[in-house]
Every structure is written in structure tokens, then in C-alpha cells.
Amino acid sequence: MYAKSGDAVTAMAVFNRIELRNVSSWNAVITLHMQRGEVEEALAQFEEMKQRDVISWNSMIAGYSQRGFDARALILFSEMLEESSLKTDKYTLSSVLSACGNLQELEAGKQVHAYIIRAEFDTSGPAGNALVYMYSKCGGVGMAKKVLEVCGTSTLNVIAFTALLNGYIKLGDIDPARQIFDSLHERDVVAWTAMIVGYAQNGGNNDATELFRSMLEEGLMPNSYTLAAMLRVSSNLASLNHGKQIHATADKLGEVLSVSVSNSLISMYARAGNISCARKSFGLIQRRRDSVSWTSMITGLAQHGHGEEALELFEEKLSLDIKPDHITYVGVLSACTHMGLVEKGRSYFRKMRDVHGIEPTSSHCACMIDLYGRAGLLREAHDFIRSMSIEPDVVAWGSLLASCRVHKNLEVAAMAAERILSIEPDHSGAYSGLANVYSACGKWEEAAKIRRSMKERNVKKEQGISWLQIKSQVHIFGADDALHPQRDAIDLRLGKIWVEIKKMGFVPDTASVLHYLDDELKEQLLKHHSEKLAIAFGLLKTPENSTLTIMKNLRVCNDCHSAIKYISKLAGREIVVRDATHFHHFKDGSCSCRDYW
DNA sequence: ATAGGGTTAG
């Protein structure tokens, strides 16, 4: 009675006073321990029992699987099979199947399936649901559908359907997932959330947002999972407005202090350009911070050029004995890269493996190559890539290629480009990267040749675009965008700015133009880079003194970087530019990256 | 007295 009514303490107290315990009360106690996550205590009771029935075993196996000890669940199951006096039932098998699903053990799952068929178990109900779950989790969506045909959709519950829906999402097949979602009669929060996550992961940001709205309309309460997923959508869009709305919703529902929501808020604010709000969210969870909270904050700070603070935070994390993982180290290494801290970066790279036992991944290696390359140590970068313990990938060679442009090294550049193309023949970055090195070296002919062969092979270059959000409207600009309806006003403003900043000492960096043209034409091209258009437009349309935030898909060029510094001073405005990798905060004539990026 | 789905980081 006490166990059922949730009063675990009283239930245990009573249990301990019983001298002649029967199997049922033992079983109840095992379940109680499992519910409270006390796995070892449950096992101790289980081992102490002299007589164990099927339910005792089932409770242990189910409890293990529920608490994430799936491997232990399977081991216990095999021990159970050795006790010939016992017969497994549908509950045993469904727990075992879900453990197989969680462990992605397709083979073991198939064996259980075979057993179910041989023993002629009823697959309507728990066993059918569990089979669909197992196959969906193991990437066997086809088999899951077959099982579904046999056992019938009417007996399948929302849980199995959600697993199937997720199976499709994992394969990137969003449409069949949506079909399942639409066919569900009773959709609960979990099913809604799964679908929203599916969209958020596959670039369907608008679909996710729409779904979220209909969910609210139907009167369903989002929980911390849903909110975290929606904050991820805000991050994808890098939209502060969108993110603030979700934040407000979370506030209303009393979920802002849930760790997963806070973590998502930290990364959303960082990615949407507001690092101080990110700090606030991090501050609000103080002692409940988990490893992800720290990593999110460290990475956010590194992206915003606050490298020292990022490293201080990392040391604080270590001193609190919170283990860093491979993603934490990506943040740490990139913090070093963007401050040019070569020695520090090198020692952290060593520490990662020697102290924390984390094997370097391609991301870590790319960071190291970047670290050396940007600091002008092309030789070290090259040596590093040759000594890598894993096969260098496109990103690694890309980092090397990028540093060749700064250091005008044609030989290494050609080799790096070749390696990239041997891995990914249509990699546009390899072509443009190499062409850029040729241009930077003044070899216009060669550069043009590469651009031509790019065209012949129909390799599409990624177009640079910049965008900004004003109220709820997103304005997108391409380079030299003649199509914008307010183009004349933008041009006029840009013309004035150009004259003024030149008076202040700005010199257009014609070397940033990688085509063979005379200087005046080059200057025209530079003047109409997408981020400059976006900034001119932003200055026209937003209130004075407000911070202007611009997003860009590629990296900012040297000329724009220099021009924006002057513009921030001229207009007395803080300008934030998020490029492909980082945030630049321009204020009063200087940039937070200290011109190192 | 027994099963079960979905989050967050680069």
C-alpha cells in the first residue's frame, strides 16, 4: 500500500520490520529501489531473495534497462534463461528488446524475435510494441514496418509509433515520419517533440516553428525537451527574437531553471550574438551546472573572442572535478587558436590525451592546424598533419589550405587542394581556396584557369550572403545586390560612409579582391560586399545607439573587417558581425578579435 | 507485482 501510494520511505521501513517476507513484498521493494535509481540496492535485495519468481526477474531487467544499464539487463536475461524452472513472459521479452534497441544490438534483437516466433508469443500488445521499438532503434525501419503489418496498427501504442517516427528521422526521411505523425490519433508531448526535433535537425526550421504553434493551439504543454528543441531552432536561425520568445514561454511554464533548457539558452544566446544573456543563463544555474553547461559557455565565449575568459572557465571546470569531453576540448582549442596562443594550445592538446584520455578527433586536429597556420607556423602545421594518428580529412586539409593563402605558399596549397579533391571531388572550397592562393601571389592567369575548370566541372561556389533581422523581417543581401527594393537609398548611404571613413584614414584593401582588375574597379567591388550593404541598410533602418547585428555565411574579408571598424566609430554604433565561425564585436573603431581571426 | 518513446555542446 505504501509503495503504491509513492511513500517509499514508509514502505521500506515496514518492509524491514517484516520477518516472514513473501515474494511479492520483495518484488515491490526491488521496484521501489529501481524507481529511485538505486540500482545497486535493488540488486542486493534481488540476490538476498531465496525464492525468485518471473516478476522478480522482470523487475530487475526492466529496471536496469530503464535506468540505462542495458548491458546488465541483457546479462541478467541470459542468467534467467539458464534457470530452467522459469518461463519468460511478454514483459521479459519486451524489456529485453528495448535493451537491445538502446544498445543498437540488432543481432541480439533478431534472436529474441526468432524466439518470439518459435514460442508463438502473442505480438499484439507489449511484444509487438517492443519489436517495432527495437527495429526502429537499430536502423531497421523496413523490418519495423513488417512487424507492424503482422501485429496490426491497432494494438500499437503511441510509444512504438514515436520510435518508428524517430527511425525515419534518423535516416533523414522526414516525410514518412510526418505521415506517421499525422496518422496518430493520440499525440502526446513526446510525439510532438520528436517531430519538432526531426525538423530542427534537418533544416526545417519553419516547419518546426509551425508545429510548435499548433501544439500550443491544441492546448498541449511543452516541457523541457520541447523547449530545448525549439531553442535549437532559434540557434539555427541565429534569431534573437525567436529565441527570446521561446525564453519567455519557458519562463511562463517555469522551465527556465531546468538544466537542459538553461544549456540550450546559453548556446542560443551565444549563437544569436548576445553573449551577456548567455552568461546570465549560465549564472542562473550555478551549482546545478553539468558538463554541457560548462562546454556551452566555454564554446560561446571562444566564438565571441573572449578567449581568456573561456580558458579561465575551463580551469574552473577542472578544479570542480567536472570531466571535460571531446567537445569541451574543441572549445578550448579554438579559444587558443583565436588568440594565437600556440604554446597553450599545444599543451592542452597533450593534456587532452594524457590526462583526460580523450583521443583526438578530426575537429581537434583541424583546430591545431588552424592554430599553427594562423600564427604563421606553416611548417608546424604541415608537420602536424603528417604526424596525425587519424587519416586527415577534408577539414584538416582545408585548414592547411587556408593558411597557405595568408603565407603565400603555392606548393603546399596545391598539395592540400589535391588531397581535398581526392576525398571529395566536388569540394568547391578546394578550388576557390587554391585560386585564392594564386591570386594572392599575383598569379592571375593560374587563378583564372582554376576558376574556369571549376565552371567546366560544374562545381558551384558558395555565394556570400549577409542578413539582418529588423522587427520580424529578415533582410538578405548578396554581394552587389542590385535587386533590393531600397537599393538607391542604401547606395547613397554607403557612398557617404565610404567618403567619411576614408577621411578618417580607412584605406581600401584592394588585395582582398582576388581578381585581376584595376584598383578603381576593385574598390567598387569591395564597397558592395554583402555585409557592407547589410550594414548600410541597418544604419538606415534601426534606431541610433542600438546594437546592429549582422549574420554572414562565409568569413568576413580583410577589407570589410577594417571598414566596419571605422564605421562603428563614425556612426557611434556597436556592430556585431557573425561570420561562418565567429562573432566580431566592433565598437569605437576596434574589434573584439583584436584583428586576429 | 512486471514494458515503453523525445533534450542540450562543436
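Protein chains get the first letters and strands the later ones, always in sequence-line order, with residue 1 at the start of each. Side-chain atoms are counted along with the backbone in the values below, which use heavy atoms only and exclude waters and symmetry mates.
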Distance, rounded to the nearest Å, where [X] contributes [atom1] and [N] contributes [atom2]:
| X | N | atom1 | atom2 | result |
| --- | --- | --- | --- | --- |
| A/Arg187 | B/dG6 | CZ | P | 19 Å |
| A/Arg578 | B/dG10 | CZ | P | 12 Å |
| A/Gln66 | B/dG5 | CD | C1' | 12 Å |
| A/Leu257 | B/dT8 | CG | P | 20 Å |
| A/Gln201 | B/dT8 | CD | P | 6 Å |
| A/Leu253 | B/dT7 | CG | C1' | 16 Å |
| A/Arg271 | B/dA9 | CZ | P | 7 Å |
| A/Asp188 | B/dT7 | CG | C1' | 15 Å |

Just checking [X]: base, sugar-phosphate only, or nothing, at a heavy-atom cut-off of under 4.0 Å?
| X | answer |
| --- | --- |
| A/Ala62 | sugar-phosphate |
| A/Asn166 | sugar-phosphate |
| A/Lys137 | sugar-phosphate |
| A/Val158 | base |
| A/Ser95 | sugar-phosphate |

Per [X] side chain, nearest of listed nucleotides [options]:
| X | options | answer |
| --- | --- | --- |
| A/Thr31 | B/dT8, B/dT2, B/dA9 | B/dT2 |
| A/Thr361 | B/dA3, B/dG10, B/dG6 | B/dG10 |
| A/Tyr133 | B/dG10, B/dA3, B/dG5 | B/dG5 |
| A/Ala191 | B/dG10, B/dA9, B/dG5 | B/dG5 |
| A/Asp89 | B/dA3, B/dT2, B/dG6 | B/dT2 |
| A/Ser260 | B/dG6, B/dG5, B/dT8 | B/dT8 |
| A/Ala228 | B/dA9, B/dT7, B/dG6 | B/dT7 |
| A/Thr295 | B/dA3, B/dG6, B/dA9 | B/dA9 |

**OP:** Please report the C-alpha distance between A/His582 and A/His304 in whole Å, then the side-chain angles of each, then the deciding distance to 0.1 Å, and finally whether the side-chain hydrogen bond (donor to acceptor under 3.5 Å, both in side chains) criterion is met.
**Re:** CA-CA 6 Å; A/His582 285 87; A/His304 282 264; over 6 Å; no

Original post:
Checking side-chain hydrogen bond (donor to acceptor under 3.5 Å, both in side chains) for the pair A/Ser56/A/Asn58: CA distance, chi angles, key distance, verdict?
Top reply: CA-CA 5 Å; A/Ser56 329; A/Asn58 286 357; over 6 Å; no

**OP:** Give a yes or no on whether a salt bridge exists between A/Glu218 and A/Arg187, defined as a side-chain N under 4.0 angstrom from a carboxylate O.
**Re:** yes

**OP:** Kindly check if the number of other-residue, nucleotide or ligand heavy atoms within 6.0 Å of CD (A/Glu315) is above 12?
**Re:** yes

**OP:** Check whether any side-chain N or O of A/Arg232 sits under 4.0 Å from OP1 or OP2 of B/dT7, and answer yes or no.
**Re:** no

Original post:
Stepwise, does the salt bridge (charged side-chain N to carboxylate O under 4.0 Å, His left out) test hold for A/Lys110 with A/Glu105?
Top reply: CA-CA 9 Å; A/Lys110 275 183 181 167; A/Glu105 283 277 4; over 6 Å; no

Subject >> Centroid distance under 5.5 Å and plane angle under 30°, A/Tyr91 vs B/dA3 >> reply: no

Subject >> A/Tyr168 and A/Arg178: side chain donor to acceptor below 3.5 Å >> reply: no

